[in-house]
Amino acid sequence: MATPFVAGTRGAVLHRGLVDLLGEEQVLWQKHDLQLYEYDGAVDTATPDAVVIPRDTADVANLARFCSEHNVPLVPRGAGTGLSGGAIPVEGGVVVSFARMSRILELDAANLRAVVQPGLVNLHLSTAAAPHGLYFVPDPSSQKACTIGGNVAENSGGPHTLAYGVTTNHVTGLEIVLTDGTIVRLGGKAHESEGYDLIGLFVGSEGTLGLITEITVRLSPLPEDKRTVMAAFPTMDEASEAVSAIIASGLVPSAIELMDQLATVAVEASVGAGYPLDAGAILLAEVDGPRDGLDDHRARIEELCRANGATSIRVAETALERDRLWAGRKGAFAAMGRLAPDYYVQDGVIPRTRLPDVLRRIAEVGERYGVRIANVFHAGDGNLHPLILFDGSLGPDVLRQVKAAGVEILRACLDAGGSITGEHGVGMEKNCELPLQYGPDDLAAMLHVKRAFDPAGLANPAKIFPTPSRCREFSLHAARSV
Amino acid sequence: MQLDPSDARECAAALRSAAEARQTVRVRGGGTKADPDEALPGDAVLRTRGLSGVVDHVPADLTVTVRAGTLLRDVQAALAERGQFLPLDPPHGGATIGGVIAANSNGFGTLRYGAVRDLLIGTTTALTDGTLARAGGRVVKNVAGYDLNKLLVGSLGTLGVIVEATFKVLPLPATRGASVSSATDATSAFARAGAIVRTSLRPTALVVDHERGAWRLVVAAAGEQAVVDRTLREAGGDHVADPDRLLVPLRDLLAAAAEGAVVRATIPLAAQPPFAGGVSRLDGFERLVADAGTGIVHVHLRGDDATIAASTVAAIASARVLGGSARTERVAPSLRRHFAALRTEPPGHFLMRRLKDAFDPRGILEPERSLA
């Protein structure tokens with residue numbers, strides 16, 4: 001029988017119970033400790049009742065059993081770099097930090113697999129695999145900090161997932177702990193596993209189905225060589241046309257990124273990547289693979305850029321130059337600090353052919369709301385990242401306005417036949433907007449999955465699906481039954 | 001009873017009526033995987049062929065949306081008119097798109113292009129409560145909500161009837177080619193395949209084939225002439241201009257094997273040489289075809305029932321010991337009773353059961369179909 005903690009004494013009772021269960025070292029409960037876990041890479045905050053830092057799967061299972069007995073929510077957290085509030089304990093409960101479960105358990109080069117703990121930093125895996133000529137494909141811009149567990153929870157992408165797929169295409173095994181404490185091992189090193197594809201369901205479920213304690217990922221051969229091209233255009237329209245032309249030509253670059261002038265100026269001031277400041281748009285394209293033919297691909301990209309109005313083109317001649325060009329792109333979000341104290345990043349996806357008109361609509365939204373919007377995004381797969389710049393110190397009304405502008409941008413993406421999120425997740429940021437994309441029948445089918453894995457509703461509550469308390473507009477029957 | 005819905009709504013309504021009447025339903029696409037012994041006299045058969053046609057193909061977006069009853073070969077023909085293709089090459093040209101998804105039918109192109117689960121970006125599915133549930137969409141990147149597309153791939157019609165699907169497509173490659181060479185044994189054949197897997201060459205097929213004591217390596221490549229040439233050079237052996245001449249027989253032979261049993265194993269890459277070496281010495285061994293880049297190995301066994309039964313058990317056990325799994329794909333009817341006991345519940349089976357009960361609470365869809 002569930003014994004809920006009583007409000008007021010809840011924190012203290014919970015703390016004592018957790019320490020008895022797991023020991024002093026694994027439990028944080030003092031205010032100054034908890035404050036460190038109030039936020040992630042997004043804009044919302046909430047304080048956990050406690051933070052637990054488990055050492056192994058058994059700890060996680062014991063914790064889950066305890067929380068299930070006491071009806072306490074469990075909110076998994078990797079590095080806290082997420083951009084949709086996935087790690088925010090919006091309904092309180094225990095934040096589970098995987099900081100101590102951060103090892104590579106096995107680097108199995110012969111099978112092109114690695115078995116890792118969820119707290120492993122994304123880039124550490126590729127670094128460890130490099131001597132074997134291998135790497136882990138997903139490369140979010142936060143890859144120096146973000147964890148593989150977080151990547152699996154969010155189904156993360158990155159610039160180089162255009163040709164080789166996102167996280168879900170690179171996971172073959174999972175060990176999960178359900179909120180009732182059951183440990184389930186799914187798949188392994190083989191290409192596929194038996195029965196329904198539960199791994200495919202779990203990847204991208206944003207912590208709402210259970211906790212991940214071990215991951216088997218596919219490693220890929222490092223490309224033999226690369227060519228990186230930077231092209232400057234007078235306008236975003238011309239750059240967008242160049243992207244369409246490259247895609248339509250049959251080339252499959254490993255990355256095609258776009259950046260507008262506002263973003264370029266900030267990036268140059270912060271990183272000095274060498275982008276021309278007078279350009280209306282910067283396009284970054286990379287082709288990789290077998291050496292043979294790469295120069296031909298590069299030449300075709302240059303040609304298509306010129307045909308669509310590129311005013312200058314630069315090709316990285318050395319690895320150093322390539323890294324510098326990419327440093328600008330990967331450091332773009334951080335560079336926004338030069339333009340405004342705060343930014344709010346959206347993650348809508350559109351069919352690639354709709355880039356010019358949707359970018360125009362985003363500019364209109366900015367004008368209407370009186371906010372500056374910078375654009376830095378994965379143009380090759382139509383995944384936009386408009387960055388709405390603001391100053392949060394001016395009060396909550398400003399954030400409300402910024403969020404309203406964000407919703408308008410999402411509507412523009414949906415009107416173009418797209419999605420409200422391509423790689424950042426729905427989280428608590430866009431759960432009220434999910435019904436704009438999916439109707440009640442679609443959501444009802446998704447909720448079958450939620451109830452199958454987490455019937456008690458303790459896994460990262462109030463994420464993905466609209467909740468009646470936070471989403472007044474969308475009190476759908478589907479939402480009510482969460 | 002036959003159910004022949006002509007659109008998605010009709011399909012959903014038919015399922016709801018069946019559920020209300022507790023009428024069991026078998027879903028049929030092209031019938032290429034249909035097993036006549038599985039349908040029971042009281043089952044209704046829902047045929048999806050009325051749900052056909054390309055809904056939308058946007059070449060510049062590299063996506064195509066089709067109704068699920070469309071034949072894969074018709075989809076390919078429509079795409080080819082615009083210079084594109086859906087990079088799936090399962091056996092059976094007569095399969096429907098819905099069938100390809102439900103049966104998770106893949107060919108040798110998985111190493112290069114990914115499998116059904118990697119190419120499918122959107123679905124609409126008729127459920128037994130009469131609703132139509134959409135998942136994913138028409139954009140190539142999308143993490144909004146749960147990825148129900150993945151749940152449907154390989155679900156064998158047990159959760160709902162897929163009525164429409166959207167896939168990523170690609171431009172047709174400029175050049176194709178293949179090569180075939182012989183190897184002395186399993187170890188050397190797989191070692192050569194493994195060396196190619198570890199390069200950037202990404203061949204469109206990498207197959208180790210073993211029959212009557214001979215080991216062969218078949219490599220196919222597609223794309224730029226320079227890369228195709230280099231791939232075939234590194235693969236060695238005799239070049240063949242049309243890869244289909246080599247690949248289609250390899251792919252369809254086992255799928256069409258009427259006699260004996262075909263075991264399908266999925267094992268870690270490095271486990272292939274010991275697995276292949278082991279099964280090739282089993283009594284009744286006829287042929288082995290390994291997709292060496294993914295570790296999916298088909299084994300054809302022939303002989304009297306007792307021999308086949310014993311060798312099948314041994315092959316499945318070997319796959320499991322080596323860290324993979326295996327099942328029988330084609331079995332002569334007289335052999336079925338031998339294999340009933342071989343069915344084991346995969347890890348997470350209780351979750352699969354809960355999902356089945358949620359999507360099909362009355363259990364009318366494909367009853368008795370194993371989830372494994």
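Computed from a prediction, not measured in an experiment: that's the story for all the values here. In what follows, every chain begins at residue 1, and chains take the letters A, B, ... in the order their sequences are listed. These numbers come from the heavy atoms of this one structure, side chains and all, not from hydrogens, waters or symmetry mates.
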*Atom CG in Asp147(B), atom CE in Met446(A): separation rounded to 0.5 Å?*
9.0 Å
_Closest non-hydrogen atom pair, His191(A) against Thr266(B)_ = N-CG2, 3.7 Å
*Minimal non-hydrogen separation, Gly289(A) against Ser200(B), with atom names*: C-CB, 3.6 Å
_Once rounded to the nearest 0.5 Å, what's the spacing between atom CG of Asp61(B) and atom CD1 of Ile350(A)?_
9.0 Å
*Top of Gly422(A), Ser419(A), Pro455(A) for chain B proximity - count of heavy-atom pairs under 4.5 angstrom*: Gly422(A)
*Say you draw a straight line from CG of Leu351(B) to CG of Leu209(A); how long is it, rounded to the nearest 0.5 Å?*
9.5 Å
*Are the side chain of Arg198(B) and the backbone N or O of Ala110(A) linked by a donor-acceptor pair below 3.5 Å?*
yes
*asked:* Determine whether Tyr164(A) and Arg202(B) satisfy the following criterion, side chain to side chain contact (heavy atoms under 4.5 Å, CB included), listing intermediate values before the conclusion.
replied: CA-CA 11 Å; Tyr164(A) 304 123; Arg202(B) 302 170 71 227; 3.6 Å; yes
*What residue, out of Ser244(A), Pro290(A), Gly188(A), has the most heavy-atom pairs lying under 4.5 Å from chain B?*
Pro290(A)
*Please name the residue in the list Arg264(B), Arg117(B), Arg327(B) that meets the salt bridge (Lys or Arg N to Asp or Glu O under 4.0 Å) test with Glu192(A).*
Arg264(B)
*Could you tell me which residues in residues 131-144 of chain B have at least one non-hydrogen atom under 4.5 Å from a non-hydrogen atom of chain A, sorted by residue number?*
Thr131(B), Leu132(B), Ala133(B), Arg134(B), Ala135(B), Gly136(B), Val139(B), Val140(B), Lys141(B), Asn142(B), Val143(B), Ala144(B)
*Counting heavy-atom pairs under 4.5 Å to chain B, which of Thr168(A), Asp225(A), Thr182(A), Leu178(A) comes out on top?*
Thr168(A)
*Given that the side chain runs from C-beta out, which part of Asn104(B) has a heavy atom under 4.5 Å from chain A: side chain, backbone, both or neither?*
side chain
*Do side-chain atoms of Asp292(A) reach the backbone of Val227(B) as a donor and acceptor pair under 3.5 angstrom?*
no
*Report the option among Val184(A), Ile176(A), Leu201(A), Ile464(A) that has the most heavy-atom pairs separated by less than 4.5 Å from atoms of chain B.*
Leu201(A)
*For each of Leu127(B), Thr199(B), Thr110(B), Val153(B), tally heavy-atom pairs with chain A at distances under 4.5 Å, and name the one with the top tally.*
Thr199(B)
*Kindly write out the residues that satisfy ring pair (Phe, Tyr, Trp, His ring centres under 6.0 Å) with Phe275(B), not counting sequence neighbours, or none if the list is empty.*
none
_Need one label for Asn155(A): side chain, backbone, both or neither, based on atoms under 4.5 Å from any heavy atom in chain B._
both
*Are any non-hydrogen side-chain atoms of Val203(A) and Lys150(B) less than 4.5 angstrom apart?*
no
*asked:* Using the salt bridge (charged side-chain N to carboxylate O under 4.0 Å, His left out) criterion, which residues pair with Asp454(A)? Sequence neighbours excluded.
replied: Lys450(A)
*So how far is it from Ile267(B) CD1 to Asn111(A) CG, rounded to the nearest 0.5 Å?*
9.5 Å
*Return the set of residues passing salt bridge (charged side-chain N to carboxylate O under 4.0 Å, His left out) with Arg9(B) (not counting sequence neighbours), or none when no residue passes.*
none
_Over all atoms of both residues, closest heavy-atom pair of Pro346(B) and Glu194(A)_ = CB-CB, 3.7 Å
*Check each atom of Thr172(A) against the heavy atoms of chain B and say whether the ones under 4.5 Å are side chain, backbone, both or neither.*
neither
_Less than 4.5 Å to any heavy atom of chain B: does that hold for the side chain of Ser220(A), its backbone, both, or neither?_
neither
*Do Arg352(A) and Leu62(B) come within less than 4.5 Å of each other through their side chains, counting heavy atoms only?*
yes
*Where does His424(A) contact chain B at under 4.5 Å (heavy atoms): side chain, backbone, both or neither?*
backbone
*With chain A, which of Pro268(B), Ala226(B), Pro171(B) has the greatest number of heavy-atom pairs at distances under 4.5 Å?*
Pro268(B)
*By a 4.5 Å heavy-atom criterion (distance strictly below it), what part of Ala416(A) contacts chain B: side chain, backbone, both, or neither?*
neither
*Using non-hydrogen atoms only, which part of Ala174(B) is less than 4.5 Å away from chain A: side chain, backbone, both, or neither?*
neither
*asked:* Distance check, rounded to the nearest 0.5 Å: His448(A) atom NE2 versus Leu159(B) atom CG?
replied: 10.0 Å
